[in-house]
Amino acid sequence: MHDDGYDHTEVERRWQAAWEDADAYRTPDDVADPTYVLGMYPYPSGEMHMGHVRNYTITDAYARFRRMQGDDVLHPMGWDAFGLPAENAAKERDTSPREWTFDCIDRMKDQMDAMGFGYDWDREVTTCRPRYYKWNQWLFRRFVEEDLAERRDAAVNWCPSCETVLADEQVEEDEELCWRCGTPVEERELEQWFLEITEYADELVEAIDELEGWPDSVRQMQRNWIGRQEGSRVPFTLEGHGEIDAFTTRLDTIHGATFFALAPDHPVSERLAEEDDAVHEFLHQEADPEGDEPNGIRTGLTAENPVTDEELPVFVADFVLSDVGTGALYGVPAHDDRDHAFAEKMDLPIRPVVAPDADAEVPDVDREAYTEDGVLVNSGEYSGLTSEAARTQLTEDVDGAAFETVYRLRDWGISRQRYWGTPIPVVHCDDCGPVLVPEADLPVELPEFINVTGNPLDEADEWKATTCPDCGADAERETDTMDTFVDSSWYFLRYVSPDLDEAPFDVDRANDWLPVDQYVGGIEHAVMHLLYSRFFQKVLADQEGLAHREPFENLLAQGMVQLEGEKMSKSRGNVVSPQAIVSEYGADTARLFMMQAAQPERDFDWSEEGVRSAHAFLTRLKTTVEDYRAGEIPRADDPGTVADYVESETDATVAVATPEYDDLTFNTALREVQDLVGTLRQYREHAAVDPEVFERGLSVALRLLAPVTPHIAEELWDELGREGFVVDADWPETEADRETVEKRRRLVENTREDVREISDVAGIDDPERIDIVVTPAWKHEALRVALESDANNLVGELMAHDDIKRHGETAADYGKDLQAEREALTEPLDPETEHAALRAAAWLLEREFDADVRVLRAVDAPEDIVARAEPGRPAIDIAE
RNA sequence: GCGAGGGUGGCCGAGUCCGGACAAAGGCGGCGGACUUAAGAUCCGCUCCUGUAGAGGUCCGUGGGUUCGAAUCCCUCCCCUCGCACCA
């Protein structure tokens with residue numbers, strides 16, 4: 001009967017309805033500063049997968065925990081509803097992206113409800129609704145007005161067959177084929193809108209240091225992505241081509257330069273190709289920027305080294321990239337691995353100009369470059385300077401040289417030639433050029449979807465036709481839409497005031513409520529989404545009065561749910577559907593299994609066995625509560641020592657689980673709760689229970705479980721006859737501190753193990769009586785003295801205490817033991833606490849050995865036995 | 001190549017920040033026992049080696065070092081995962 005579990009579907013539905021009726025997860029607008037807990041909103045694919053379930057269970061559990069701790073909590077949810085998949089689905093199914101998307105949202109919302117996630121749905125945000133994307137357009141206007149957005153040429157992937165632009169991810173294989181039709185993709189120059197994130201590059205990289213609530217991995221990835229390099233720009237004179245700047249981070253090595261190299265697409269290279277067939281040939285045939293081999297061709301030109309006045313041979317080389325530095329560099333084979341390889345290949349001189357230190361020999365660089373900083377040699381007047389000093393000095397001395405910082409980060413191209421996104425609010429006028437749509441005319445809404453090849457907006461003639469806001473002449477609308485990362489760069493601000501008609505968000509409230517206290521999502525967003533959001537936040541701080549310059553205080557990148565060590569994926573066919581698990585075991589089981597399987601940031605393996613054991617646990621808990629309520633568990637008026645044990649274990653559970661919840665290490669917290677339930681079940685089996693103690697244990701267990709398994713907790717809370725929702729219950733409190741708890745548990749556990757070991761080693765199969773004798777107070781005192789003392793002669797110092805000295809020879813011997821282990825001594829529990837803890841735990845030994853167990857104070861036991869006791873280690877005497 | 005994070009008992013996994021009670025939590029698997037007609041579920045133990053009173057030995061990727069003492073601190077090397085990468 002119980003073994004079959006319980007009707008989870010009925011229980012879960014009932015409580016979901018009750019929460020909804022009670023508006024249990026509303027966050028009123030007038031709360032001062034709620035704890036903002038946020039999971040990255042999903043793309044509404046229509047199916048929640050395990051990654052979603054894990055992500056949202058983490059935020060839900062944390063939000064519930066904080067709420068029970070008395071915080072106001074903001075825990076909203078929304079939809080990243082624009083994007084290409086809806087467009088493709090619409091084309092395939094002959095429907096519209098809008099219908100398709102809203103259908104998917106409905107389905108996913110049902111699935112979320114079935115999981116019991118407690119969201120404030122009144123704050124739901126859906127990016128494909130005009131009332132949301134109007135503010136994308138409004139923000140775009142603001143960016144343009146503040147000179148943070150610009151229209152310029154950019155190279156894009158173009159499929160001539162589909163007549164559309166493709167994202168990099170949609171170009172497949174090395175041959176660069178269109179993912180839909182297999183046509184080779186071309187490169188096209190198109191006018192695109194860019195948001196100038198590079199304006200904020202310095203702050204974005206520097207502020208990473210302050211993001212202490214973020215994982216190191218994500219911080220490092222953002223640093224890499226921004227790729228700030230500090231160096232110098234130096235002009236080289238190329239005969240016939242004037243001055244060409246080279247960028248370098250190692251200006252100290254310039255005396256060792258033996259060649260100069262240009263990127264294949266550098267303007268000078270292209271000009272050379274026009275007159276030099278060999279260069280032309282190289283550019284179009286040999287150059288292989290993707291390959292590992294550094295290829296290059298000698299041009300016959302020379303470049304004048306501005307420091308040494310030497311003439312260096314000029315190459316066009318494919319390892320020089322036009323978008324790195326200036327697209328031109330000087331090569332120092334002695335101090336750079338790649339330059340070294342190139343010099344060997346081209347038979348160029350290799351001249352060392354940096355030695356490891358002032359006294360060292362000049363390094364042998366014939367076989368390998370010396371790439372470390374050091375002290376300059378063979379560098380004229382600069383010889384003897386450190387690399388660092390030389391870089392500064394040379395930059396100052398060389399005509400036309402200057403310090404410069406370069407970045408890998410590029411401006412953010414947001415134009416997408418697609419339908420299902422936010423229309424860029426621009427009108428193209430023959431006379432006025434691109435003109436912003438006035439604020440009063442926003443939003444520019446999407447027209448009806450037309451199923452065509454290419455961009456449907458290009459075909460929407462009626463929609464396209466408009467007039468110029470500036471001159472009134474006939475004009476055409478911009479047909480590009482925005483990258484959906486624009487939508488997600490500020491959605492967390494919209495939750496604060498989702499219905500506001502005057503602005504994207506209520507600034508005052510945002511200043512009170514932001515930043516997000518705990519943000520949770522997948523590592524795949526480590527760079528783009530999280531970097532763009534930081535960028536937006538900073539712009540909004542500068543332009544709109546937002547008080548915080550970082551949006552997310554604490555970030556958790558959750559791990560993957562795997563199957564047999566492999567990522568779950570449709571293409572591998574190793575997917576476990578959350579819906580199937582929910583219908584078979586229930587949402588609580590799925591949530592419990594996931595949260596106890598591993599720390600949230602770690603990957604873990606889905607395991608059927610684990611799911612079953614989570615379910616079995618919930619069933620046992622339910623049975624226990626029900627049996628208790630049904631009066632099937634005998635009760636006793638005299639609490640006794642077992643009750644003491646249960647009582648202190650209940651406190652211990654609270655003391656350990658609470659900080660673990662705070663740290664989001666649910667796995668550890670849940671293990672504690674499972675142990676507590678185990679203890680309660682042992683209690684009822686061993687003795688008639690004290691109702692107060694037993695009920696407190698149950699109520700603590702239920703409350704500690706409520707964040708993770710809210711439905712069953714609610715059900716049993718009700719069964720226990722408690723008032724109100726467990727969701728709103730107060731988090732249990734305790735006086736117990738973790739350190740004492742752990743010492744006590746260790747004492748009990750070590751003592752039990754010792755009894756087992758003794759009876760085993762001594763061959764006592766069936767002990768009749770077990771005496772546990774607590775260490776006499778004077779030994780505790782002696783230990784305490786030893787801990788505090790720094791005297792050389794510990795025994796002498798101990799003997800100065802009358803209480804200790806009284807024990808003569810024994811005390812001296814113990815003193816010698818203490819002396820020997822002096823460095824390893826640790827603070828013990830006091831004798832009374834030891835006695836109480838062991839007394840309370842005696843029943844465990846009684847039950848295990850079926851013997852009389854006496855826990856004695858030292859004064860009540862024979863001296864020869866007492867002698868074996870030490871603090872933290874009672875004497876044990878077993879009689880057969 | 002650079003950067004980050006890891007390598008713990010049959011497996012998974014805590015401990016590593018702040019060295020000591022660590023043969024090292026917990027789970028799984030395996031073994032034995034209780035309950036049961038039986039199975040399942042549940043409960044109690046055992047699960048590196050040796051040991052007739054709580055002991056000893058070996059052990060936390062490799063090799064070294066620091067220390068009275070190292071899974072924990074420092075260095076070498078090997079391997080795994082992720083990110084960046086012909087980046088000037």
Side-chain angles (χ1 to χ4, degrees), chain A residues 1-5 215-225 227 229 231-232 246-251 253 261 263 288-295 317-321 323-332 336-339 341-342 371 406-408 523 526-527 565 596-599 601-605 607 609-610 612-613 616 619-620 623 665 667-668 671-672 674-675 678 681-682 685-686 742-743 745-747 749-751 753-764 820-828 844 847-850 868 870-878:
Chain A
M1 33 159 233
H2 298 310
D3 304 343
D4 299 325
D216 287 340
S217 58
V218 174
R219 297 206 279 174
Q220 193 56 35
M221 284 161 79
Q222 293 214 347
R223 283 192 199 100
N224 284 344
W225 186 263
Q229 288 268 15
S232 307
F247 176 79
T248 177
T249 55
R250 291 297 306 271
L251 189 56
T253 63
D288 176 21
E290 312 292 312
D292 289 338
E293 184 77 358
N295 299 308
D318 62 0
F319 62 84
V320 185
L321 307 176
D323 59 352
V324 175
T326 60
L329 56 82
Y330 64 83
V332 185
D336 181 275
D337 290 327
R338 187 210 45 222
D339 292 350
F342 190 68
T371 58
V406 298
Y407 305 87
R408 209 183 78 94
I523 189 76
V527 176
Q596 56 110 80
Q599 292 179 7
E601 49 274 288
R602 299 188 89 110
D603 297 342
F604 76 91
D605 258 16
S607 118
E609 181 55 45
R612 271 200 293 269
S613 105
T619 306
R620 287 200 296 279
T623 313
T665 40
N667 54 331
T668 319
R671 194 188 67 220
E672 279 297 320
Q674 299 199 10
D675 285 351
R681 287 170 60 83
Q682 288 174 347
E685 269 165 40
H686 182 75
E742 277 162 11
K743 275 186 183 148
R745 284 179 170 176
R746 201 144 50 211
L747 171 70
E749 199 42 54
N750 287 347
T751 305
E753 271 170 21
D754 283 344
V755 172
R756 275 175 216 136
E757 188 162 340
I758 292 167
S759 45
D760 186 39
V761 174
I764 305 169
E821 291 170 51
R822 204 147 171 201
E823 311 286 340
L825 301 176
T826 49
E827 191 78 24
L844 293 167
R847 202 175 44 136
E848 185 175 336
F849 290 93
D850 197 24
R868 291 201 295 263
E870 285 174 24
R873 189 172 182 269
I876 295 167
D877 187 64
I878 304 176

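Naming: A, B, ... by sequence-line order, numbering from 1 per chain. Not measured: the values here are computed from a predicted model.
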Under 4.0 angstrom, heavy atoms only, what part of the nucleic acid is [X] near: base, sugar-phosphate, or nothing?
X: A:Ile764; answer: nothing
X: A:Gln599; answer: sugar-phosphate
X: A:Asp877; answer: base
X: A:Pro871; answer: nothing
X: A:Ala875; answer: base
X: A:Val527; answer: nothing

- line: In RNA chain B, stems of three or more consecutive pairs, Watson-Crick or G-U, each with both distances under 3.5 Å, turn out to be B:1-7 with B:78-84, B:10-12 with B:26-28, B:29-34 with B:42-47, B:48-50 with B:55-57, B:63-65 with B:73-75
query: If we ignore angles and hydrogens, is there a donor and acceptor under 3.5 Å between the side chains of A:Arg223 and A:Gln220?
result: yes
Protein-nucleotides 1-6 of chain B N/O pairs under 3.5 Å:
| from | atom 1 | to | atom 2 | distance (Å) |
| --- | --- | --- | --- | --- |
| B:G3 | O2' | A:Gln220 | NE2 | 2.9 |

Nearest-Å distance for atom pair [atom1]/[atom2], residues [X] and [N]:
X: A:Phe247; N: B:C87; atom1: CZ; atom2: C1'; value: 9 Å
X: A:Glu601; N: B:G13; atom1: CD; atom2: P; value: 13 Å
X: A:Ile523; N: B:C84; atom1: CD1; atom2: P; value: 11 Å
X: A:Arg250; N: B:C87; atom1: CZ; atom2: C1'; value: 15 Å
X: A:Gln596; N: B:A25; atom1: CD; atom2: C1'; value: 15 Å
X: A:Asp323; N: B:A85; atom1: CG; atom2: C1'; value: 13 Å
X: A:Arg671; N: B:G15; atom1: CZ; atom2: C1'; value: 11 Å
X: A:Phe319; N: B:C86; atom1: CZ; atom2: P; value: 12 Å

Quick one: does [X]'s side chain get under 4.5 Å of [Y]'s, heavy atoms only?
X: A:Val755; Y: A:Phe849; value: yes
X: A:Arg671; Y: A:Gln596; value: no
X: A:Arg868; Y: A:Asp877; value: yes
X: A:Arg602; Y: A:Gln599; value: yes
X: A:Gln229; Y: A:Tyr407; value: no
X: A:Thr249; Y: A:Ser232; value: no
X: A:Tyr330; Y: A:Leu251; value: yes
X: A:Arg756; Y: A:Glu848; value: yes

How far does the [atom1] atom of [N] sit from the matching atom of [M], given to the nearest Å?
N: B:A25; M: B:G15; atom1: C1'; value: 8 Å
N: B:G5; M: B:C17; atom1: P; value: 15 Å
N: B:U47; M: B:C11; atom1: C1'; value: 14 Å
N: B:C22; M: B:C35; atom1: P; value: 35 Å
N: B:C68; M: B:C44; atom1: P; value: 45 Å
N: B:G69; M: B:U58; atom1: P; value: 15 Å
N: B:G33; M: B:A39; atom1: P; value: 12 Å
N: B:C48; M: B:A24; atom1: C1'; value: 12 Å

Check the phosphate of [N] against [X], side-chain N and O only, distance under 4.0 Å to OP1 or OP2. Yes or no?
X: A:Arg338; N: B:C87; answer: yes
X: A:Arg873; N: B:A55; answer: yes
X: A:Arg408; N: B:A85; answer: yes

message: Under 3.5 Å, is there any donor-acceptor pair linking the side chain of A:Arg868 to the base of B:A53?
response: no
- prompt: Charged N to carboxylate O below 4.0 Å: is that the case for A:Glu827 and A:Lys743?
  reply: no
task: Give a yes or no on whether a salt bridge exists between A:Glu672 and A:Arg745, defined as a side-chain N under 4.0 angstrom from a carboxylate O.
output: yes
field: Minimum-distance nucleotide to A:Leu329 side chain [options: B:C86, B:A88, B:A53]
entry: B:A88
Pairwise distance CZ(A:Phe604) to CG(A:Asn667) - rounded to 0.5 angstrom: 10.5 Å
message: I need a per-nucleotide contact map over nucleotides 42-51 of chain B, read 5' to 3'. Cutoff is protein heavy atoms under 4.0 Å; write B for the base, S for backbone only, - otherwise.
response: SSSSS----B
Produce the list of close N/O pairs, under 3.5 Å, pairing protein atoms with atoms of nucleotides 19-23 of chain B; give distances to one decimal.
| from | atom 1 | to | atom 2 | distance (Å) |
| --- | --- | --- | --- | --- |
| B:G20 | N7 | A:Glu823 | O | 3.3 |
| B:G20 | O6 | A:Glu823 | O | 2.7 |
| B:G20 | N1 | A:Glu823 | O | 3.3 |
| B:A21 | N1 | A:Thr826 | OG1 | 3.4 |

statement: Taken in chain and number order and not counting sequence neighbours, the residues that satisfy salt bridge (Lys or Arg N to Asp or Glu O under 4.0 Å) with A:Asp754 are none
Would you list the protein and nucleotides 27-34 of chain B atom pairs, both N or O, that sit under 3.5 Å from each other?
none

field: 5' precedence on RNA chain B between A:Ala597 and A:Thr248 (nearest-nucleotide basis)
entry: A:Ala597
